[in-house]
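First up is the structure itself, then whatever we jot down about it.
Side chains are part of it too, since the values below use all heavy atoms of this structure and drop only hydrogens, waters and symmetry mates. Along the sequence shown, residues are numbered consecutively beginning with 1.
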Amino acid sequence: MPDDLAIGEAVLEIIAPDEAIRSVRITQCPFLIGRGAGTGNQLRFPDSRISRSAAAILFDDRYYLEDRGQRGGMFLNGTKIVKHALDDGDVITFGLEGSYQLVFRKSGSNTTVDHLLSRIENMSHGDSSSGGLSKINLLLEATMLLHSQLPLDAVLATMLDHAIAVTDAERGLLLEADQSGSFRMRLARGRKRVPIPLESFSPSQTALRLAVERQSSIITEDLNRDDVNLQDAQSIIAQRLRAIVAIPLYAMPRVNSAESLIRAEHGHFLGILYLDSRRSAAFSKLDRQILDAIAIDAASILDNARLVDRERQRQRLEQEISIARDIQQALLPRSFCDFQHLAITGTSFPCLAVGGDYFDVFPLSDDRTAFLIADVSGKGLGAALLTTMLQGALYGMKMGADPAGVFNHINRFLCEHSEVGRYATMFFGILDREGRLEFVNAGHPSPLLVRAGAVDEPFTEGGFPVGLIPDASYFASCVILRPGDTLVLYSDGVTEAMDPDDQMFGVSRLRELLLGQHDAPLEALQRTILDSVRAFSRGADQADDITLLLARYRGATNAATIIPLEEPA
């Protein structure tokens, strides 16, 4: 039975159809695998044949693979499984020709110890003195720290102490690089494990710059006889430094291929291990090899810390997005009032965790009911914030504001705050008991009117989306509905839904679907539209939110005609 591992101590090697290989660390439980990001997958694939929720890797004293709904099943070493324990080297496939393969790898201590012994074996055998052996012992201790449970800074401090001991330097400093390449001093140590205040440490900027430019170690044993660039550096002269070591730290490349190994490419730049002394030094070959090995281990620790920090940030962002999604869903109508003159239903499905579509229904008085649908440009949190603002502004019309005036005000507000960078299409309607529908259309797809088996588009009057044209003017128009008339309001995520061949669902297909549906219950009609869009898409990822709002007039009125209520300015 394999040794038990902890979360974060295993990786998946991903072999693409073109045989490119990359590695992904398993950082949480469950570790979700599938197509796209809609179901919270940590490992995502672009193959449309892979299900959105395909599989998960679980951890309970050991790792397990579990089928979470892959069409045709998940396979482990060629055998179809429901849930099965994972061993080092197991091959995971999706039961598809020419698709991705996953290889489960342990990264436990055995691999690291083998690597360590290999490094020691390749070190100079000429230095067999007790001093050389003690330095090799320092390397052993440093590598052991990789698997300790000590706090990160304590591990880094001990690694720095070991580097000082190997070089007999007076001071040591660990610098981290940010995304712009600038340095941040993280830890400074002196001899005998004495911490040094960071503000009192002034490393040679010339040595740091040269290490970055050359992408290699800068090691000077006596500055009086070495690099002229360093001899003239002001900080070195001022501090009377004689010996300097500056080793750039790089993460190991994440893509394993023969080409990258041949080219010996560096990974992500992490920082610099810096040491200096006012005494000249003499580094043996063994000293340099041990120092390089300690630098590699320090880089590994920093890289792991960076990955853990990135994972924590991702989890925090997911938590914030989850809160935003809950708020957005809470603002949508959960149930619809049973108005005497109006039956209504609606739903919205964001393509991401939060969306830019929304709809609402609310009474204005005893005989007038308002309903609206809106689509904000863009997706994600920015669009969700604007939908919330628009919802509040339009809901304020319960206090009696003029619809056209409210639209003009919203448009001016958004255009005056152009840094928001968003606009929105909206359709807003107010229906009274007599079937008189007063509406404002701000660039939204025209609702469809289902009447006596026919489908029409009487809402041709409209204007620009709000937030797009500063001097745009909005006005209200009116249509008279007959009893049994059904309005189908939708966002363009319905008509622009794509199938795997990049064909759109289209308005004509929606019109054909609605023919003869004038007597269908609204909930059934809504379900028919959604099922049709879903069947048409055949599992293809969608780039837009899908929102529907259906309203049916119950009272008795005159024939449908368009009546302008207010001419544009």
Side-chain angles (χ1 to χ4, degrees), residues 10-59 63-84 86 90-104 254-255 310-311 314-315 317-318 321-322 325 348-357 379-380 493-494 496-505 530-546:
V11 297
L12 290 174
E13 288 182 1
I14 304 167
I15 306 174
D18 62 358
E19 298 185 352
I21 301 175
R22 63 187 178 96
S23 297
V24 173
R25 189 181 298 275
I26 300 172
T27 55
Q28 64 185 74
C29 177
F31 186 84
L32 302 180
I33 301 171
R35 172 172 50 82
T39 55
N41 294 320
Q42 283 78 47
L43 182 56
R44 305 159 187 169
F45 296 100
D47 191 336
S48 61
R49 299 172 297 170
I50 297 176
S51 300
R52 293 177 183 272
S53 297
I57 292 180
L58 311 174
F59 183 83
Y63 284 92
Y64 292 85
L65 173 67
E66 182 180 81
D67 187 348
R68 288 285 181 97
Q70 169 62 16
R71 294 186 295 271
M74 292 297 299
F75 293 80
L76 186 64
N77 300 323
T79 302
K80 188 174 182 181
I81 61 95
V82 176
K83 182 177 180 180
H84 198 281
L86 287 168
D90 280 349
V91 178
I92 302 168
T93 53
F94 298 90
L96 304 169
E97 287 290 334
S99 188
Y100 292 82
Q101 296 183 29
L102 312 178
V103 182
F104 177 77
R254 301 267 170 211
V255 178
R310 184 176 298 174
E311 174 63 19
R314 186 192 64 78
Q315 291 178 359
L317 179 60
E318 285 190 353
I321 292 175
S322 177
R325 179 179 62 246
S348 182
F349 297 96
C351 66
L352 301 178
V354 290
D357 286 5
K379 299 292 171 288
V494 174
E496 295 180 6
M498 308 290 287
D499 68 4
D501 300 322
D502 291 334
Q503 300 297 314
M504 288 198 305
F505 187 79
L530 293 174
D531 289 345
S532 180
V533 171
R534 189 176 297 112
F536 173 82
S537 302
R538 303 199 307 276
D541 287 331
Q542 300 304 309
D544 210 346
D545 308 328
I546 292 178

remark   = dist Lys83:NZ -> Arg68:CZ (nearest 0.5 Å) comes out at 9.0 Å
request  = Indicate yes or no: at least one non-hydrogen side-chain atom of Met498 is less than 4.5 angstrom from one of Met504.
outcome  = yes
ask   = Quick check: does any side chain N or O of Asn77 sit under 3.5 Å from a backbone N or O of Val91, one acting as donor and the other as acceptor?
value = yes
message = If I compare all heavy atoms of Leu65 with all of Ile81, which pair ends up nearest, and what's the gap?
response = O-CD1, 3.7 Å
task = Going by the side chain to side chain contact (heavy atoms under 4.5 Å, CB included) test, name the single residue among Leu43, Val11, Leu12 that passes it with Ile26.
result = Leu12
request  = Applying ring-ring contact (aromatic ring centres under 6.0 Å, His included), name anything that partners Tyr100, two or more places apart in sequence or on another chain.
outcome  = Phe45
inquiry  = As a quick check of understanding, evaluate side-chain contact (heavy atoms from CB on, under 4.5 Å) for Phe104 and Leu76, giving each step before the final call.
reply    = CA-CA 10 Å; Phe104 177 77; Leu76 186 64; over 6 Å; no
request  = Could you tell me whether a side-chain N or O of Asp499 sits under 3.5 Å from a main-chain N or O of Arg538, the two making a donor and an acceptor?
outcome  = no
inquiry  = Which heavy atom of Pro30 sits nearest to which heavy atom of Leu58, and what is that distance?
reply    = CB-CD2, 3.4 Å
task = Kindly say whether Glu97 contributes a backbone atom to a donor-acceptor pair with the side chain of Arg49 at under 3.5 angstrom?
result = yes
request  = Examine distances only and state if a side-chain atom of Gln101 and a backbone atom of Thr93 form a donor-acceptor pair shorter than 3.5 Å.
outcome  = no
key: Ile33 side, atom CD1; Gln42 side, atom CD - distance, nearest 0.5 Å   = 9.0 Å
request  = Over all heavy atoms of both residues, which pair between Ile92 and Met74 is shortest? Give the atoms and the distance, please.
outcome  = CG2-CE, 3.6 Å
ask   = Partners of Asp90 by salt bridge (charged side-chain N to carboxylate O under 4.0 Å, His left out), sequence neighbours excluded?
value = none
note = Correct closest heavy-atom pair for Gly69 and Ser51 would be O-OG, 3.2 Å
inquiry  = Could you report the tightest heavy-atom contact between Val533 and Ala497, atom names first, then the distance?
reply    = CG1-CB, 3.7 Å
inquiry  = Distance check, rounded to the nearest 0.5 Å: Phe349 atom CZ versus Asp544 atom CG?
reply    = 14.5 Å
ask   = Roughly how far apart are Cys29 SG and Tyr64 OH, rounded to 0.5 Å?
value = 11.5 Å
query = Atom CG of Asn41 and atom CD1 of Ile50: how far apart are they, to the nearest 0.5 Å?
reply = 10.0 Å
request  = List the steps, then state whether side-chain contact (heavy atoms from CB on, under 4.5 Å) holds for Arg35 with Asp47.
outcome  = CA-CA 7 Å; Arg35 172 172 50 82; Asp47 191 336; over 6 Å; no
message = Return the CG to OH distance between Leu86 and Tyr63, rounded to the nearest 0.5 Å.
response = 9.5 Å
key: Heavy-atom closest contact (Ile546 atom, Gly493 atom, distance)   = CG1-O, 3.5 Å
task = For the pair Ser48 (side chain) and Ala540 (backbone), establish whether a donor and an acceptor sit closer than 3.5 Å, ignoring hydrogens and angles.
result = no
